[in-house]
Asker: 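Below is a structure I'd like to ask you about.
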Amino acid sequence: MDYNNGQTPVYHQAGVTMAAASLFLGLGAVFTVLTVFLPLVFGGLAILFALLSKGYGRKMLSQARIGFGCGIVSLCTVAVLFVSTFISMVSNPDQLIQIGQQYDAICENVYGQSSEDLLGYSFEERMREYAELFQ
């Protein structure tokens with residue numbers, strides 16, 4: 001008896017689903033790189049799924065390679081952003097005070113009250129404390 005009705009069976013290549021997930025997450029990591037935290041999750045998972053799609057000693061599928069590369073690029077970009085922001089804050093602590101003043105002004109404009117009345121502290125004073133740590 002012919003159980004396949006004359007059709008050849010379709011074989012699913014191992015790792016295709018993981019490779020597709022890696023590609024999807026890798027591209028998601030690249031497109032969300034300016035959100036800072038999403039690329040850490042998406043990029044890490046893209047790398048993990050790309051490695052898992054490989055299996056035992058086989059070559060990586062092209063989807064997995066693209067996802068792996070995008071994950072690496074997004075993680076490196078976020079690391080550069082973190083380091084450059086930290087260096088900028090340490091080298092110019094007055095920037096922190098200006099940021100605190102801007103937050104206080106925004107709070108005043110949006111809520112009609114100072115941040116000190118709303119939260120019990122002023123952003124400018126908090127940033128002055130942080131600036132003193134860097135000096």
Side-chain angles (χ1 to χ4, degrees):
M1 280 196 123
D2 186 17
Y3 293 108
N4 293 328
N5 296 330
Q7 298 174 352
T8 57
V10 177
Y11 294 105
H12 186 70
Q13 187 178 4
V16 171
T17 306
M18 290 282 192
S22 173
L23 175 65
F24 178 73
L25 289 168
L27 291 174
V30 169
F31 289 129
T32 61
V33 77
L34 293 179
T35 62
V36 180
F37 296 111
L38 287 176
L40 295 175
V41 175
F42 290 167
L45 288 174
I47 293 168
L48 176 70
F49 288 154
L51 293 175
L52 289 176
S53 74
K54 185 178 171 196
Y56 292 106
R58 293 180 298 130
K59 293 176 85 173
M60 249 192 236
L61 297 171
S62 62
Q63 292 173 334
R65 279 187 267 147
I66 293 170
F68 186 81
C70 288
I72 293 289
V73 165
S74 65
L75 289 177
C76 290
T77 304
V78 169
V80 166
L81 286 173
F82 273 138
V83 169
S84 65
T85 301
F86 183 75
I87 290 171
S88 174
M89 284 192 303
V90 169
S91 65
N92 190 6
D94 294 334
Q95 248 181 347
L96 287 174
I97 297 169
Q98 291 172 353
I99 291 171
Q101 291 170 347
Q102 290 173 354
Y103 271 73
D104 284 337
I106 290 170
C107 189
E108 182 78 31
N109 289 337
V110 171
Y111 299 111
Q113 294 180 339
S114 69
S115 60
E116 199 162 355
D117 293 338
L118 287 172
L119 304 171
Y121 60 88
S122 167
F123 286 113
E124 181 181 355
E125 292 305 316
R126 284 283 167 104
M127 293 301 163
R128 282 189 195 282
E129 292 172 11
Y130 294 137
E132 289 173 5
L133 292 174
F134 293 132
Q135 290 179 355

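Scope of the values below: all heavy atoms of this structure, side chains included, with no hydrogens, waters or symmetry mates. On a predicted model such as this, the values are computed, not experimentally measured, just so you know.
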Asker: Going by heavy atoms in the side chains, are L133 and Y130 under 4.5 Å from each other?
Answerer: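 In contact.
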
Asker: Are any of the side-chain heavy atoms of R65 and F68 separated by less than 4.5 Å?
Answerer: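 A side-chain contact under 4.5 Å is absent here.
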
Asker: Can you name the nearest heavy-atom pair linking A46 to G67, along with the distance?
Answerer: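 Where A46 meets G67 most closely, the heavy atoms are CB-O, 3.7 Å.
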
Asker: Could you please spell out the steps behind the side-chain contact (heavy atoms from CB on, under 4.5 Å) verdict for L118 and C107?
Answerer: CA-CA 9 Å; L118 287 172; C107 189; 3.5 Å; yes

Asker: Pick out which of T32, L34, V30 makes a side chain to side chain contact (heavy atoms under 4.5 Å, CB included) with P39.
Answerer: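 Result for side chain to side chain contact (heavy atoms under 4.5 Å, CB included) with P39: T32.
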
Asker: Group every Ile, Leu, Val, Met, Phe, Trp and Tyr by side-chain heavy-atom contacts under 4.5 Å, then state whether V16 and I47 land in the same group.
Answerer: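 Cluster IDs for V16 and I47 differ.
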
Asker: Kindly compute the distance separating CG (L96) from CD (E124), expressed to the nearest 0.5 Å.
Answerer: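 Between atom CG of L96 and atom CD of E124 there are 12.0 Å.
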
Asker: Measuring from E129:CD to Y121:OH, what's the distance to the nearest 0.5 Å?
Answerer: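 So the CD of E129 and the OH of Y121 are separated by 10.5 Å.
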
Asker: Can you get from L25 to M18 by hopping between Ile, Leu, Val, Met, Phe, Trp and Tyr side chains that sit under 4.5 Å apart?
Answerer: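 Same hydrophobic cluster.
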
Asker: Within this structure, what is the OG-CD distance for the pair S115 and E125, rounded to the nearest 0.5 Å?
Answerer: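 S115 atom OG to E125 atom CD measures 9.5 Å (nearest 0.5 Å).
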
Asker: State plainly whether one hydrophobic cluster holds both L45 and L38, where clusters connect Ile, Leu, Val, Met, Phe, Trp and Tyr through side-chain heavy atoms under 4.5 angstrom apart.
Answerer: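 Cluster IDs for L45 and L38 match.
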
Asker: Can you tell me how far apart CE (M127) and CG (D94) are? Round to the nearest 0.5 Å.
Answerer: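 It is 13.5 Å, given to the nearest 0.5 Å.
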
Asker: Please check: side-chain N/O of T85 versus main-chain N/O of L81, any donor-acceptor pairing under 3.5 Å?
Answerer: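 Checking the backbone N and O of L81 against the side chain of T85, a donor-acceptor pair under 3.5 Å is found.
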
Asker: Which heavy atom of A64 sits nearest to which heavy atom of A50, and what is that distance?
Answerer: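 Looking at all heavy atoms of both residues, the shortest contact is O-CB, 3.4 Å.
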
Asker: Would you say that I66 contacts C70 through its side chain, given a criterion of any heavy-atom pair below 4.5 Å between the two side chains?
Answerer: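 Yes, close enough: below the 4.5 Å cut-off.
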
Asker: Can you name the nearest heavy-atom pair linking Q95 to S88, along with the distance?
Answerer: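 Smallest interatomic distance, heavy atoms only, reads OE1-OG, 3.0 Å.
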
Asker: Give, for atom OG of S53 and atom CE of M60, the distance between the pair rounded to the nearest 0.5 Å.
Answerer: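 So the gap between those two atoms works out to 6.0 Å.
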
Asker: Mind listing the closest non-hydrogen atom pair of A29 and G43 along with its distance?
Answerer: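 Taking every non-hydrogen atom into account, CB-N, 3.6 Å.
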
Asker: Is V90 linked to I97 within one hydrophobic cluster, defined over Ile, Leu, Val, Met, Phe, Trp and Tyr using a side-chain heavy-atom separation of less than 4.5 Å?
Answerer: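 They do not share one cluster, since no chain of ILVMFWY contacts under 4.5 Å joins V90 to I97.
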
Asker: In the single-linkage hydrophobic clustering (I, L, V, M, F, W, Y; side-chain heavy atoms under 4.5 Å), do L119 and I106 co-cluster?
Answerer: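 As far as the 4.5 Å side-chain criterion goes, I106 and L119 are connected within one cluster.
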
Asker: How about CZ on F82, more than 12 heavy atoms from neighbouring residues, nucleotides or ligands closer than 6.0 Å, or not?
Answerer: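 Enclosed: over 12 neighbouring heavy atoms sit under 6.0 Å from CZ of F82.
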
Asker: In Å and rounded to the nearest 0.5 Å, what is the CZ to OG distance from F42 to S74?
Answerer: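 It comes to 10.0 Å.
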
Asker: Nearest heavy-atom pair of L61 and G15: which atoms, and what distance?
Answerer: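 Closest pair (atom of L61, atom of G15, distance): CD1-O, 4.0 Å.
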
Asker: Show your reasoning for whether side-chain contact (heavy atoms from CB on, under 4.5 Å) applies to F49 and L52.
Answerer: CA-CA 5 Å; F49 288 154; L52 289 176; 4.3 Å; yes

